[in-house]
Amino acid sequence: MAQTHGVAALPAEPEKATLEGKNKLLAFWTFLGAECVLFGCLFATFMALRNQVPDGPTAQELFDLKTVGWSTFLLLTSSLTSVFAIMNMHKGKHGATQLWLAVTVLLGLGFLILEIDEFTHYVHEGHKFTSSAFGTSFYTLVGCHGAHVTFGIIWITTLILQGFKKGLTVVTAPKYYVAALYWHFVDLVWVFIFTVVYLMGKVGH
Amino acid sequence: MANAHAHAHAAVHHEPKRYTGLMDWLTTVDHKKIGILYLIAGGFFFLIGGLEAILIRTQLMYPDQKIFVGDTFNQLTTMHGTTMIFFAAMPLLFAFMNAVVPLQIGARDVAFPFVNALGFWLFFAGGVLMNTSWFLGGAPDAGWTAYAPLSSIIDPDGKFHGVDFYVLGLQIAGIGTLIGGINFLVTIINMRAPGMTFMRMPLFTWTVFVTSILITFAFPAITVALIELMFDRLFHGAFFEASRGGNNVLWEHLFWIFGHPEVYILIMPAFGIISEVVSTFSKKRLFGYSSMVFATVLIGFLSFMVWVHHMFTTGIGAVGNSIFAIATMAIAVPTGVKIFNWLFTLWGGNIRFTVANLFATAFIPTFVMGGVTGVMLAVPAADFQYHDTYFVVAHFHYVIVGGLILSVFAGLYYWWPKMFGRMLSEGLGKVHFWLFFIGFHLTFFPQHFLGLMGLPRRYFTYMPGFGLETGNFISTIGAFLQGLGMIVFLINIIVTARKQKDAGNDPWDGFTLEWTIPSPAPEYNFKQTPLVRGLDAFWKEKMAGNKEMTPAEPIGPIHMPSPSILPFVMSLGLFISGYGFIYHHYIVSGAGLVITIISMFLRSLFDDHGWHIEPEELEEHKGGKA
Ligand code: HEM
Ligand SMILES: [Cu+2]
């Protein structure tokens, strides 16, 4: 698998140029499969318990679709900016890749701030982790997603910092690519959370 | 850590970074050494679990005994089951996966050697963490299935943390298993030698492939179950607490959505081992290879559709029970296909009853008996009678000990020369086999009838005068015999380890690629990647009159990954943080997690460029190395 290209000429899809890169991509897709089961089980738990509120406010009383709408907007936009990053990577434009990733991270941070704010509100209104099975399963599901966002932010930030030193190579390209995949996945999970937790919480019983 | 310097990676050949002694084992990323680590650790836990079993059987030898009662007995059964499934059976299979799969597909290592080491150390950390509970106030005692709400009971004095050890030990070990599964999946898909198409893969590799898929999709379910139990226990969550709207049946679902695939995760590689051993020692290619592959995939698929058969008595209702009953019985069909294929492989073969083949042929009828009781249990109406009795205990020991453990022994006698360069003694092996095999049936056959007479499982005693004495007594004698068999096996290992290396490349006249290279395999496995020209690649060459495989590449420098201490440190971090959670010292948990995360950073920051073995060195290595 020796790479014989010069330093400047990066292959068209640098993330798949080496066996290591291909392995990484496949492993990551598989890992996302496992993550689907993980979130699937959390969703199932939430669906089973979401109306179990012996004490404290119900979903309908609690949720405010407007703030959640803003969170959704931020996170979905960040998915788009991560696409821009990878498009630029494919064109070999490392600077733009880094820049779009930085935008992605900022949008992710915005989402997190909104989420923390939202959780604090809920706690003041008596919707706590321990107050009911609804509370426990809500914070576990949405919190697990939030933890994924946090991890993604730290991860992509590390990659950006590394990028300054290492540049765009067949070693770093798979890292960028895989992180972007992860980010899309996390956004996708949010779409389901928005539907199942918030929309159904507001209108469906 | 390793290779912190960032050279331009092309031309420079790095100095091989090699450690010796203990550091070598702590830092190794070589799949063959990791296989040996899995074997030692899994074997160790197997002995602990076995000891617990002997203690259980001692208590039940006579009615009304008071040796291990109450809590102690509950802890013994819980730890026996949990240890055997997660810390003995799983790592023993991972030992074979590591020792054999890369060799069988003609690869130089697995796709992610670093992750491979990490998987081992996580499993080991989890196992040790859980077993230290014996010295820290008492072991988990809610059964290996840890049903809520029994498992969510918290000791008001805060002294007894049993189930917390279960939760955190399994969680840490589970992550290790998950990444191990992903690693082997990618290895098998991407790392096969030229010409090794999917339908030319040896059956053991196929079964590992399917098992890896099952691991990937089943383990996250128990991850979630354990998170929920942990949140309930540590942070006063309400998942399983009815008074706050929780639902304990949820635990049963999550546990068995993982649990049933798990039993197939265990048995699949066992099927693979039996296929290899039976065909080698009949001097015949495996009968019905493609139907074997198909059956393997089908069983893997169906194994996700049957979990409710563990919950027939939970009250799901007649419709649900019937659907899952039929799905369960359907699994018997592809399983039957396998049984007949093994029999037809033996049929008319030139059979050699080596110890490996004794274990393999003993597997077949024994496993069939376990399958038959399985189908009996799959009838919901009847299961109301069998459930939670010794009948179930007999069933799963027939499939797990009679299925899995017999094939583990078959595999050990078969691949020992490839792993260690020495042949295990056949004489001692036969003593081991007969003691274990007879002991096994003595232990578990009577339990069918004890169960039908109504003896419940997990009870620490029974009264005299109900006809339960004889069965229990025989069962205990059988357990002692199995213990004797294990002692003979240990003696065999010691005797073997003390003699000269005596194994040739191909001691059994094998069919597959692992027998084309020296025993034990050199660190780079294949000096030249072999070209595979058919199913049973080596057999094919032998038939064509060749002594060796045709190489697919010229001799050249071989790239090797660098050893690293990081997998060990990452696992140590989680190990420490586990204790933090158990004792509610969240600063300790945080510190442990920080150790792990910093290690992850280091791993990401400093790319491993590896090192090369030069062609001149390869010549010196010829004939294997110490
Ligand atoms: C023909 C194939 C099989 C069928 C139809 C089958 C069916 C069943 C059923 C219905 C139960 C639930 C019994 C009860 O709790 O009342 C059960 C339990 C069990 N089976 Fe199987 N089984 C099969 C194969 C296997 C295999 C291959 C393994 C493992 C290698 C296995 C391991 C277990 C274990 C561990 C339990 C007990 C779980 C517990 O409650 O602790 N089974 N089986
Ligand atoms: Cu089952």
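This one's a predicted model, so the numbers in the text were calculated from it and none came from an experiment. A, B, ... follow the sequence lines: proteins, then strands. Residue 1 opens every chain.
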Worksheet item: Between B/Arg192 and B/Phe198, is NZ or CZ placed under 6.0 angstrom from the six-membered ring centre and within 45° of the ring axis?
Response: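 Yes, B/Arg192 sits over the ring of B/Phe198.
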Atom group of [X] that falls short of 4.5 Å from chain B, counting heavy atoms:
{"X": "A/Ser131", "result": "backbone"}
{"X": "A/Phe46", "result": "neither"}
{"X": "A/Leu26", "result": "both"}

Under 3.5 Å, sequence neighbours excluded: what are the donor-acceptor pairs made by side chains of residues 215-229 of chain B?
residue: B/Thr216; atom: OG1; partner: B/Ser212; partner atom: O; Å: 2.7
residue: B/Thr223; atom: OG1; partner: B/Phe219; partner atom: O; Å: 3.0
residue: B/Glu228; atom: OE2; partner: A/Thr45; partner atom: OG1; Å: 2.8

Is [X] close to chain A through its backbone or its side chain, or both, or neither, when contacts mean heavy atoms under 4.5 Å?
{"X": "B/Leu605", "result": "both"}
{"X": "B/Ser243", "result": "backbone"}
{"X": "B/Ile257", "result": "neither"}
{"X": "B/Phe240", "result": "neither"}

Fill in: Side-chain donor-acceptor pair present, A/Glu115, A/His145, cut-off under 3.5 Å
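No, A/His145 and A/Glu115 have no side-chain donor paired with an acceptor closer than 3.5 Å.
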Discussion item. Do B/His236 and B/Glu241 pair up side chain to side chain, a donor and an acceptor below 3.5 Å, judged on atom types alone?
Written reply: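 Not at all, the side chains of B/His236 and B/Glu241 share no donor-acceptor pair under 3.5 Å.
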Item to complete: Determine the sole option in B/Phe258, B/Trp256, B/Trp251, B/Phe324 for which the ring-ring contact (aromatic ring centres under 6.0 Å, His included) test with B/His310 is passed.
Response: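 The passing option is B/Trp256.
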Worksheet item: Out of A/His90, A/Lys175, A/Lys22, which one pairs with A/Glu15 under the side-chain contact (heavy atoms from CB on, under 4.5 Å) rule?
Response: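 That would be A/His90.
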